[in-house]
Amino acid sequence: MSTIASLTATGRRMHGPASDLVELVNDDGYRHTAIVFHPEFRDHPSINAALAVVLGFLESPMVTGLVELVAHDRDEGAFVYPTGQCWSVAEVNRVYADLGEVPGVRAGLELLYAAGEILNEAADTGEAHGVYSHGGLTPWRVLLKPDGQALVIGHALPQVEISRFREDPKAIPREDSFRYCPPERLDGRSENVSSDHLSLALIAFELMTGKPVYDGLVNDIRAQASRGEGSRRLFRFRDTLPHGVQELLKVCFRPEMDGRHPSGARFLDEVRACLSSREVEGPSLLDVMTRVSRVQQRIGQPLDSGATMMFQKEQLAEVLGGEAPSRPSTREAWTPPTGTRRPPPRSEAAADPAPEAPPPAARPPSAPAASPAEPPGSSEAARWRRPTRSPPPAEATSSPDQAHPPQEPPPLRQPAAPARPGIGVARRPPRLAARGPEEEPAAPAAPAERPAASAPPPPPPEEPPTAVSSPPAAAPSAALPEPPPLPPVAPQRTPLGSLAPPEDSAPEEDDASEGTGLLARPVKSGALRTQVWRVPDRLSDEALRGDTAVFRLRLAPGASESRFRLPVRAPSSEALASLVGRHLPLRADPSGRLAGWWRFSLDGQAVPGTRAMADLPQDGILDIAFVENQVRLVDLEVVAPSGAVRLRIALGTAVPAVTIVDAVAQVLDLPEGNWRLEVGSHACEPHEILADHPESQGTVLSVVAR
């Protein structure tokens with residue numbers, strides 16, 4: 001596709017979740033940006049027939065920073081905007097991610113203020129035309145010019161992939177389609193300017209921290225965006241974001257529209273207050289765009305010289321101009337012209353070129369060094385020969401007895417004449433560079449030429465003789481004999497963690513004296529030992545063998561409906577646990593730590609695990625919600641026939657009770673038996689979680705033998 005709406009494409013394209021940004025130029029060379037929807041969305045009525053009533057406002061919005069629509073190609077699904085040279089926020093994030101840096105908090109706040117002014121004025125002006133919000137604000141719709149000025153494009157163009165997903169739940173779009181959605185968009189409710197503030201805050205947060213608010217798999221991101229969990233995730237960045245910025249974003253991220261800023265002016269006032277705080281640090285938006293414009297290579301621009309190029313653009317054109325690709329190389333006999341090239345800056349002697357002088361490549365290896373009266377690089381031939389391999393001027397006359405003359409580039413691995421590190425020169429680590437030439441396998445110098453280096457000093461007694469001075473590639477005959485294999489270590493029990501401070505002063509005892517029972521002596525973990533778990537306690541499945549019924553379930557809010565046969569007499573925690581592993585994944589981080597557990601949800605409210613399945617409606621639809629695991633310090637009392645102990649321990653609020661009991665029994669080396677967890681006077685079922693008992697905060701939990 002070379003042209004769109006009679007404009008020529010430059011080749012620069014930024015891929016998005018449902019549409020791409022394509023750079024165009026008109027006949028005068030002015031740059032435009034086109035939003036080109038993917039082929040599967042070009043016939044959607046929300047970007048065709050629905051725009052006819054607001055097309056006049058989009059073509060002339062009369063809002064500074066809100067770019068007007070100048071062309072629309074329905075066949076290509078393209079909407080063209082005259083933006084000039086600019087970068088989308090998505091491109092800025094990608095450039096800084098490639099650099100391993102983050103734009104910073106100040107740049108994100110300035111984006112909030114600059115784009116917030118545009119969105120507020122657009123909402124006030126568009127209300128008379130029936131346009132109350134942007135409707136599809138993403139990092140691909142917010143642009144930044146080289147001077148840090150913000151632009152907004154795609155106003156009133158909805159996210160067609162979200163609209164299609166509401167029509168067909170099986171047409172799940174990409175993750176980026178959900179990352180910047182307000183909850184009301186996923187539910188199909190009407191939006192206002194506070195919806196734009198939420199999406200803009202999600203975009204600015206990613207610019208501040210380099211990470212999106214919602215992350216994970218597509219279903220996780222969709223669930224997080226649907227519930228509006230942005231405020232809960234700010235806690236992870238409490239060390240990165242100042243307190244005032246956190247409070248600002250908490251209000252923007254609230255899932256209820258009434259709970260956000262009451263007006264656009266109030267939103268801008270709070271952003272301005274954060275910008276004036278001393279806690280806000282980092283580069284400004286102008287500094288960020290200056291950095292981006294320097295490192296981002298534009299596609300379709302003519303060749304320009306930079307700090308890493310040896311020749312100017314005009315000089316390189318002279319060197320390469322007029323030579324056919326099949327012409328043989330005449331590098332040794334070529335002499336550069338003197339009419340257009342700048343004079344050499346070193347001395348006046350360079351003004352008279354000497355083309356009759358032989359090139360440096362024809363000089364024999366035994367040629368004497370150049371006279372000190374003639375500065376290096378004074379001749380034209382010497383100046384134009386292989387500048388990347390020439391030695392520095394200070395080293396060219398440093399020693400008269402060097403192995404090679406200063407005019408010749410040193411060999412690649414010849415340590416006698418160190419070369420300046422650069423293109424084509426191998427640079428060794430500091431420890432290898434300090435060694436003698438005898439450690440270089442390809443060095444042609446004889447050992448007799450080394451100054452007193454034939455006998456290296458003996459190493460210290462405590463170090464092996466070949467630990468440092470052995471060459472990198474040792475001969476097979478010089479290999480050390482293999483050490484005898486270590487004796488096998490008997491498997492020992494290793495507790496999950498020490499609940500009491502280690503007793504360093506206690507005498508070391510034999511492993512056979514560990515003992516079993518309550519508060520047995522922990523095994524020292526000085527050597528690598530195999531984890532031996534105790535025999536797990538068997539769970540009762542009597543409640544799961546009774547009558548069953550078919551329940552209508554959705555594995556996530558907004559997902560398609562499924563039917564499952566579940567026991568009626570079992571509590572909801574046990575019925576849901578029967579789905580984990582078969583229909584629901586056991587969610588954990590890559591290291592294996594449990595990320596949370598599952599609970600039924602009815603009308604947006606979580607169903608406690610203690611509620612029986614018989615109390616849940618069978619004609620309605622039950623959602624399955626994910627409960628995120630939180631760590632809480634609790635007082636735990638372990639009661640055993642041999643005694644009781646009370647300790648303070650960290651427990652997860654979304655970890656099943658059977659897992660907690662099994663871990664505590666392993667740590668304290670409890671004898672085999674049927675243990676249970678009690679919250680106050682309530683005996684927990686195996687798959688109840690502490691989140692089912694919010695009143696347990698401050699309550700003593702008990703692990704009691706049945």
Side-chain angles (χ1 to χ4, degrees), residues 490-540 573-574 577 591-594 596-597 609-610 629-706:
Q492 302 290 339
R493 182 186 301 276
T494 303
L496 292 180
S498 178
L499 302 178
E503 301 178 359
D504 296 337
S505 58
E508 187 173 356
E509 302 178 8
D510 186 73
D511 292 341
S513 62
E514 293 178 15
T516 58
L518 192 63
L519 291 182
R521 179 178 66 85
V523 178
K524 297 182 179 296
S525 58
L528 181 63
R529 300 186 176 184
T530 305
Q531 178 74 25
V532 180
W533 285 86
R534 61 190 295 274
V535 178
D537 300 332
R538 298 190 61 180
L539 304 180
S540 175
S573 60
E574 302 304 312
S591 64
R593 297 184 180 182
L594 192 64
W597 199 246
T610 56
N629 188 31
Q630 304 290 337
V631 178
R632 182 196 305 174
L633 287 175
V634 299
D635 293 326
L636 184 67
E637 183 180 17
V638 182
V639 181
S642 58
V645 62
R646 188 168 179 174
L647 58 143
R648 192 165 182 80
I649 189 173
L651 296 182
T653 58
V655 178
V658 62
T659 305
I660 295 177
V661 172
D662 186 64
V664 172
Q666 176 70 15
V667 170
L668 300 181
D669 197 12
L670 298 180
E672 298 179 6
N674 205 358
W675 300 86
R676 70 173 184 268
L677 179 67
E678 294 183 355
V679 180
S681 59
H682 172 73
C684 296
E685 295 294 336
H687 292 92
E688 289 185 26
I689 57 179
L690 293 184
D692 295 332
H693 306 276
E695 69 280 357
S696 63
Q697 183 76 21
T699 304
V700 178
L701 306 181
S702 303
V703 175
V704 185
R706 296 184 185 269

- prompt: Quick one: side-chain hydrogen bond (donor to acceptor under 3.5 Å, both in side chains) partners of Glu685, sequence neighbours excluded?
  reply: none
- request: Could you point out which residue of Ile689, Leu651, Ile649 forms a side chain to side chain contact (heavy atoms under 4.5 Å, CB included) with Ile660?
  value: Leu651
- request: Would you mind reporting whether Thr610 and His682 have side-chain heavy atoms less than 4.5 Å apart?
  value: yes
Aromatic ring pairing Trp597/His687, orientation class (parallel under 30°, perpendicular over 60°, tilted between): parallel
Worked check of side-chain contact (heavy atoms from CB on, under 4.5 Å) between Leu690 and Gln630: CA-CA 10 Å; Leu690 293 184; Gln630 304 290 337; over 6 Å; no
Shortest non-hydrogen contact between Ala657 and Leu677, atoms and distance: CB-CD2, 3.9 Å
message: If I compare all heavy atoms of Leu636 with all of Ser702, which pair ends up nearest, and what's the gap?
response: CD1-N, 4.2 Å
query: So do the side chains of Pro656 and Asp662 get within less than 4.5 Å of each other, counting heavy atoms only?
result: no
- prompt: What is the minimum heavy-atom distance between Arg676 and Val661, and which atoms define it?
  reply: C-CG2, 4.0 Å
query: Are Arg593 and Asn629 close enough that some pair of their side-chain heavy atoms sits under 4.5 Å apart?
result: no
